[in-house]
Visitor: 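Quick one: the structure is below, questions incoming.
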Amino acid sequence: MTRPVRVRFAPSPTGKLHIGGARPALFNWAYARRHGGVFLLRIEDTDPERSTKEYELAILDGLRWLGIHWQEGPDVGGPHAPYHQSQRIERHKQRARELSAMGRAYPCFCSRERLEELAQRQEAAKERQGYDGLCRRLDSQTVAQRVAAGEPHTLRFAVPAGATEFHDHIRGPMRFENHEVEDWVMVRSDGNPTYNFVVVCDDIDMQISLIMRGEEHLINTPKQVLLYHAFGAALPEFAHLPLMLGTDKKKLSKRTGDTSLQDYRDKGFPPEAVVNFLCLQGWALSGSQEIFSVEELVANFEIKDVNKAGAVFDIEKFLWMAGEYIRRDSVERVAERCAPHVVRAGLMSAEDLAGRADWFRSVVSHEKERIRTYGELPARIEYLFVADEKLVYGEDAEKNARRHANRLTTLSAFRAWLELQLAAGGDAAALREGAKQFQTEQKLKTPELLQPLRCALSGHASGPDTFEVILLLGAQRTLRRLELAQERLA
RNA sequence: GGUCCCAUCGUCUAGCCAGGCCUAGGACACUAGGUUUUCAUCCUAGCGACAGGGGUUCAAAUCCCCUUGGGAUCACCA
């Protein structure tokens, strides 16, 4: 019963792409690539109240950012178009009529009030919740009359007796007793079909061979399996992925921090790191390799290796991984990706950046191993852009500088020495060597020279090599800052 | 509460399916050293887990059962 591999990701555009949603997308995509199948995108926009075009676009954009590509979808089309669920409604309605004609669904005239009452009664009696099947017992003549009279009604699926079984690739054999599954609403009183119905219609029509999705759908699956049987359609395979959890161990939500992919993108996480980290939540390449590429993922991804238990989203490890990707990347690319953050922070304009590309790359090369996200760069290098007079001395930096009683004379002497050195040219290494000599001649301990110096130049207690900072700043600003420091540190 | 799912260091995980190679491996975090003018990086070491109880077996983290704990879901939302 092998059929072509066709998998899908079917987000509903009612919000930004959630990181808990990006992972199933990623796994489906990897699975399709691994098996030479098709990965398609279907937009489940059947809730007009909450769906927006903006969200839809943002979701597509987010997926592309991660490097996930689809062969069929709303923007690229495909043999099973349309890929907007809302545009398939006539087909859904037709399928609903088919099921009615087969006697597998029946009209339900129960009012919302009665349903509410029923639920309350069941709750109070601690009975099983769910529809009691009142309208299922109506005789066909009565039903026909009431429908003809235009009485509002929903269409409910008539769940048969017995049990429903299916195999889950992650959880193994599953079995649900049908009497635990209520006669659920298939078509609303306004004529619009519900999720559990349309999702099956579309998955059948689009010949989906495997449905891989979050565990929250596991309990919906028997309803859907029953529908496949009713339609006489081939059952797809199922795989229910473990949930991504917040630190409270509950399903990840806005409550426990940033959950949208966009948030991490804005913060400057490398997309490769996001992909890698998302994979690591529930799947591992091996017991010892944390960092791996998408190619390695695709070459090794097996559903059976996916964990059953939910994974707590650990932002610390995520940040570590982001930093790891940045450190391993080239200066050129890190600079390129940091650029928008620097512009957004108002430090440089795009033109500045273009005009001083070499200088900026040099800045990045010295900060590359200190940042974990591209977004961390601006705050670290702001001192390079502020007016010399407005440089802020950090508390620690100033304390370190003031520790040395000879700071003013040291600064003054060093400034005089440096002025000559800078005029002569030379790289940071040469300056560093020269400064060592200066230090010896002046009988200074290293901190006596470098701590006041660092404070004067950057105002930070830590950062890149001081002599690199001098070159980054340039002669004029360096000397000016040393001058100012002699007043400010007095 | 009903139904369903799950259970290895604080966290992510390897090992489990095909029981012995496990004195349970790796990573993040944390701690202590080393390298560095500082910070970061890098290196070394340490801390730290098979939820509990029964079985099966010569042998169980691995198989079975129970308990406990956690989670998902109970819409005319997707």
Side-chain angles (χ1 to χ4, degrees), chain A residues 10-14 44-47 49-51 85 108 110 112 115 119 122-123 125-130 152-156 168 170-172 174-177 180-182 184-196 198-199 214-222 240 242-243 245 247 249-251 277 280-291 304-305 307-321 323-324 327 366-372 380 396-397 400 432 435-436 439 445-451 453-454 458 460-467:
Chain A
S12 81
T14 53
E44 310 223 317
D45 54 350
T46 47
D47 182 347
E49 299 287 310
R50 299 192 299 147
S51 301
Q85 199 157 57
C108 171
C110 293
R112 290 185 194 249
L115 261 20
Q122 288 167 334
E123 168 98 62
K126 300 207 164 159
E127 281 173 26
R128 186 184 70 87
Q129 305 254 312
H153 62 275
T154 61
L155 206 57
R156 286 183 184 271
D168 188 284
I170 294 172
R171 278 146 229 287
M174 302 291 307
R175 178 190 164 92
F176 291 80
E177 297 300 326
E180 298 290 349
V181 183
E182 69 167 331
W184 49 283
V185 172
M186 236 171 66
V187 180
R188 301 183 184 91
S189 48
D190 65 3
N192 289 126
T194 62
Y195 166 75
N196 279 122
V198 295
V199 76
E215 193 191 332
E216 69 266 30
H217 288 287
L218 188 55
I219 215 143
N220 279 328
T221 310
H240 287 92
L243 263 17
L245 277 21
T247 43
K249 303 258 184 170
K250 290 186 198 293
K251 194 164 98 172
F277 185 74
L280 226 40
Q281 302 272 296
W283 185 81
L285 178 65
S286 71
S288 56
Q289 191 184 341
E290 315 284 325
I291 307 283
K304 70 171 179 57
D305 294 333
N307 270 123
K308 293 186 181 74
V312 174
F313 180 82
D314 180 5
I315 186 68
E316 277 305 318
K317 187 161 184 174
F318 193 12
L319 279 165
W320 163 77
M321 183 167 281
E324 196 66 19
R327 284 189 292 276
H366 293 112
E367 293 289 351
K368 195 159 93 76
E369 64 208 19
R370 273 169 262 264
I371 57 173
R372 296 179 298 179
R380 298 194 59 90
D396 290 348
N400 287 344
R432 199 179 303 122
K436 263 182 199 156
Q439 196 187 307
K445 288 183 184 142
T446 304
E448 286 182 311
L449 170 62
L450 290 170
Q451 288 186 327
L453 188 52
R454 178 176 289 284
S458 73
H460 290 303
S462 61
D465 179 281
T466 305
F467 301 96

Visitor: Scan S189(A) against the nucleic acid and name what it touches under 4.0 Å (heavy atoms): base, sugar-phosphate only, or nothing.
Guide: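 Base contact - S189(A) has a heavy atom under 4.0 Å of at least one base atom.
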Visitor: Between P on A40(B) and CG on D465(A), what's the gap in Å once rounded to a whole number?
Guide: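 From D465(A) CG to A40(B) P: 16 Å.
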Visitor: To the nearest angstrom, how far is R372(A) atom CZ from A29(B) atom C1'?
Guide: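 Result: 11 Å.
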Visitor: Paired with C50(B): which nucleotide, if any, by Watson-Crick or G-U wobble criteria at under 3.5 Å for both distances?
Guide: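 Check on C50(B): unpaired, no WC or wobble geometry under 3.5 Å.
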Visitor: Tell me if a side-chain donor or acceptor on R432(A) pairs with a main-chain N or O of F467(A) at a distance below 3.5 Å.
Guide: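 A pair under 3.5 Å: no.
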Visitor: With rounding to the closest Å, how many angstrom separate the C1' atoms on C12(B) and A18(B)?
Guide: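 Between the two C1' atoms, the distance is 26 Å.
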Visitor: Can you find a side-chain donor-acceptor pair between Q122(A) and Q129(A) that sits under 3.5 Å?
Guide: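 There is no such pair (donor and acceptor under 3.5 Å, judged by atom type) between the side chains of Q122(A) and Q129(A).
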Visitor: Measure NZ/K251(A) against C1'/G71(B) and give the value in whole Å, please.
Guide: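 After rounding, the gap between these two atoms is 11 Å.
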Visitor: Expressed in whole Å, how much space separates the P atoms belonging to C63(B) and G15(B)?
Guide: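 Comparing P positions in C63(B) and G15(B) gives a spacing of 13 Å.
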Visitor: Mind checking the P distance from A59(B) to G20(B)? Whole angstroms is fine.
Guide: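 Rounded to whole Å, the distance is 14 Å.
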Visitor: Determine the contact category for P222(A): base if any of its heavy atoms lies under 4.0 Å from a base atom, sugar-phosphate if only primed atoms, P, OP1 or OP2 are that close, otherwise nothing.
Guide: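 The answer is nothing, as P222(A) stays clear of every strand by at least 4.0 Å.
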Visitor: Partner lookup for U3(B), please. Criteria are Watson-Crick or G-U wobble with both distances under 3.5 angstrom; report none if nothing qualifies.
Guide: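 The base-pairing partner of U3(B), which may sit in any strand shown, is A72(B).
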Visitor: For A309(A), answer base if it contacts any base atom (sugar-phosphate contacts may also be present), sugar-phosphate if it contacts only those atoms, and nothing otherwise; contact means non-hydrogen atoms under 4.0 Å.
Guide: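 The answer is sugar-phosphate, as A309(A) gets under 4.0 Å only of primed atoms, P, OP1 or OP2.
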Visitor: How is T247(A) classified with respect to the nucleic acid when contacts are heavy atoms under 4.0 Å: base, sugar-phosphate, or nothing?
Guide: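 It contacts nothing in the nucleic acid.
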Visitor: Answer with yes or no whether R370(A) presents, from its side chain, a donor or acceptor under 3.5 Å of a partner atom in the base of C39(B).
Guide: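 Under the 3.5 Å cut-off, the side chain and the base do form a donor-acceptor pair.
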Visitor: Checking all strands, does S12(A) fall into the base, sugar-phosphate, or nothing category for heavy-atom contacts under 4.0 angstrom?
Guide: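 Counting heavy atoms under 4.0 Å across all strands, the contact made by S12(A) is with sugar-phosphate only.
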Visitor: With rounding to whole Å, what would you report as the distance between G53(B) and A61(B) at their P atoms?
Guide: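 Those two atoms are separated by 12 Å.
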Visitor: Check the pair H240(A), T221(A) against side-chain contact (heavy atoms from CB on, under 4.5 Å), reporting the backbone distance first and the verdict last.
Guide: CA-CA 10 Å; H240(A) 287 92; T221(A) 310; 3.1 Å; yes
Visitor: Whole angstroms only, please: what is the CG-P distance between N220(A) and U3(B)?
Guide: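 Those two atoms, CG and P, are 18 Å apart.
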Visitor: Just say parallel, tilted or perpendicular for the rings of F277(A) and F318(A), cut-offs at 30° and 60°.
Guide: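 Rings of F277(A) and F318(A): parallel, under 30°.
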Visitor: Considering only atom C1', compute the distance from A72(B) to A27(B) and round it to an integer number of Å.
Guide: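 Roughly 28 Å separates the two C1' atoms.
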Visitor: For R454(A), answer base if it contacts any base atom (sugar-phosphate contacts may also be present), sugar-phosphate if it contacts only those atoms, and nothing otherwise; contact means non-hydrogen atoms under 4.0 Å.
Guide: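 Base, at least one base atom sits under 4.0 Å.
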Visitor: Judged by atom type as modelled, is there a donor-acceptor pair below 3.5 Å linking the side chain of N307(A) to the main-chain atoms of A309(A)?
Guide: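 A pair under 3.5 Å: no.
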Visitor: Does E448(A) use its side chain to pair, donor to acceptor, with the backbone of K445(A) at less than 3.5 Å?
Guide: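 Yes, E448(A) side chain to K445(A) backbone: donor-acceptor pair under 3.5 Å.
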Visitor: Between M174(A) and A284(A), just flag the one whose closest nucleotide in RNA chain B comes earlier from the 5' side.
Guide: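 This one resolves to M174(A).
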Visitor: Scan L243(A) against the nucleic acid and name what it touches under 4.0 Å (heavy atoms): base, sugar-phosphate only, or nothing.
Guide: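 Sugar-phosphate only.
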Visitor: Taking any heavy-atom pair under 4.0 Å as a contact, classify R112(A): base, sugar-phosphate, or nothing.
Guide: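 Answer is base: heavy atoms of R112(A) come under 4.0 Å of a base.
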Visitor: Name the nucleic acid region contacted by H240(A), choosing base, sugar-phosphate or nothing; use a 4.0 angstrom heavy-atom cut-off, strictly under.
Guide: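 No contact.
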Visitor: Which nucleotide, in any strand shown, forms a Watson-Crick or G-U wobble pair with U23(B), with both distances under 3.5 Å?
Guide: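 The answer is none; no pair meets the criterion.
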Visitor: Paired with U57(B): which nucleotide, if any, by Watson-Crick or G-U wobble criteria at under 3.5 Å for both distances?
Guide: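 Pairing partner, where one exists within any strand: none, as none qualifies.
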Visitor: Could you tell me whether G214(A) contacts a base, only the sugar-phosphate backbone, or nothing, with contacts defined as non-hydrogen atoms closer than 4.0 Å?
Guide: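 The residue G214(A) makes no contact with any strand.
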Visitor: Would you please confirm or rule out a distance under 4.0 Å between OP1 or OP2 of U8(B) and any side-chain N or O of N307(A)?
Guide: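 So the side chain of N307(A) is outside the cut-off, no N or O lying under 4.0 Å from OP1 or OP2 of U8(B).
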Visitor: Side-chain N or O of K249(A) versus OP1/OP2 of U11(B): is the shortest distance under 4.0 Å?
Guide: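 Checking U11(B) against K249(A), a side-chain N or O does come within under 4.0 Å of OP1 or OP2.
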Visitor: Tell me the interatomic distance from H217(A), atom NE2, to U3(B), atom C1', rounded to whole angstroms.
Guide: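 Going from H217(A) (NE2) to U3(B) (C1'), I get 18 Å.
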Visitor: Is there a donor and acceptor pair closer than 3.5 Å between the side chain of E290(A) and the base of G26(B)?
Guide: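 Checked by distance alone, the answer is yes.
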Visitor: Please state the P separation for the pair C22(B) and C6(B) - nearest whole angstrom.
Guide: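 Each nucleotide's P atom is 28 Å from the other's.
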Visitor: Hey, is the main chain of Q85(A) close enough, under 3.5 Å, to the side chain of T46(A) for a donor-acceptor pair?
Guide: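 Judged by distance alone, no pair lies under 3.5 Å.
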Visitor: Using atom P in both nucleotides, what's the gap between U23(B) and U67(B) to the nearest angstrom?
Guide: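 To the nearest whole Å, 31 Å.
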Visitor: Please compare F313(A) and A10(A) by the position of their nearest nucleotide in RNA chain B and report the one closer to 5'.
Guide: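 Per heavy-atom nearest nucleotide, the more 5' residue is F313(A).
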Visitor: Starting at atom CD of E177(A), determine the distance to atom P of C4(B), rounded to an integer number of angstrom.
Guide: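 The answer, rounded to whole Å, is 8 Å.
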Visitor: Nearest whole Å is fine: how far is U13(B) P from K317(A) NZ?
Guide: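 These atoms are roughly 8 Å apart.
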Visitor: Please check the phosphate of A78(B) (OP1 and OP2 only) for any side-chain N or O of T46(A) closer than 4.0 Å.
Guide: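 Indeed, a polar side-chain atom of T46(A) lies that close.
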Visitor: Taking any heavy-atom pair under 4.0 Å as a contact, classify K368(A): base, sugar-phosphate, or nothing.
Guide: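 Contact class for K368(A): none.
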Visitor: If I take atom CD in residue Q129(A) and atom P in nucleotide A75(B), what distance separates them, rounded to the nearest angstrom?
Guide: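 Rounding to the nearest Å, CD of Q129(A) and P of A75(B) are 7 Å apart.
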